[in-house]
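This structure is a prediction, so every number in the text was calculated from the model and none was measured.
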Amino acid sequence: MARKAFTTTIEEELQRNFKEACDKNGAKMNNVIEAFMKSYIDGEFQIELIYKLTPTKSK
C-alpha cells in the first residue's frame, strides 16, 4: 500500500508524552497513530466532544 505524508497540529505536551510512551514501548509513532485510525474507522471506539463556552470579563 502506498504511503502518504500526514501533517497536523496537536498540543505540545500531548505530543511529547505520546512520543515518550512510544519510545518506552519500542513503537513508532506513525504505526500507533495508524492503529488508532483503523480502530476508529472500524467503530472500535468513539469520541465524544464537549464544547464549553466560558464568559470573560469585559474591561
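Summarising the geometry of Tyr40 relative to Gln46, their closest heavy-atom pair is CE1-CA, 4.5 Å, with the distance given to 0.1 Å.
Taking 4.0 Å as the cut-off between side-chain N and carboxylate O, Lys19 and Asp23 count as a salt-bridged pair.
Side-chain contact between Arg16 and Glu20 is present, with at least one heavy-atom pair separated by less than 4.5 Å. Taking the side chain as every heavy atom from C-beta outward, Ile10 and Phe18 never approach each other to under 4.5 Å. Two residues are said to be in side-chain contact when any heavy atoms from C-beta on lie closer than 4.5 Å; Asn17 and Glu12 fail this criterion.
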Under the criterion salt bridge (charged side-chain N to carboxylate O under 4.0 Å, His left out), I'd like the reasoning laid out for Glu34 against Arg3: C-alpha separation, chi angles, the key distance, then a yes or no. CA-CA 11 Å; Glu34 283 185 5; Arg3 310 286 298 171; 2.7 Å; yes

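With rounding to the nearest 0.5 angstrom, the NZ atom of Lys38 is 11.0 Å from the CD atom of Glu44. Annotation: the span from Cys22 atom SG to Asn30 atom CG amounts to 9.0 Å, rounded to 0.5 Å.
With hydrophobic clusters built from ILVMFWY side chains whose heavy atoms lie under 4.5 angstrom apart, Leu49 does not share a cluster with Ile41. Under the 4.5 Å side-chain contact rule for hydrophobic residues, Phe45 and Ile33 share a cluster. In the hydrophobic clustering of ILVMFWY residues, with side-chain heavy atoms under 4.5 Å counting as a link, Leu14 and Phe36 come out apart. By the criterion of side-chain heavy atoms lying less than 4.5 angstrom apart, applied directly or through intervening Ile, Leu, Val, Met, Phe, Trp or Tyr residues, Met1 is not grouped with Met37; the two fall into different hydrophobic clusters.
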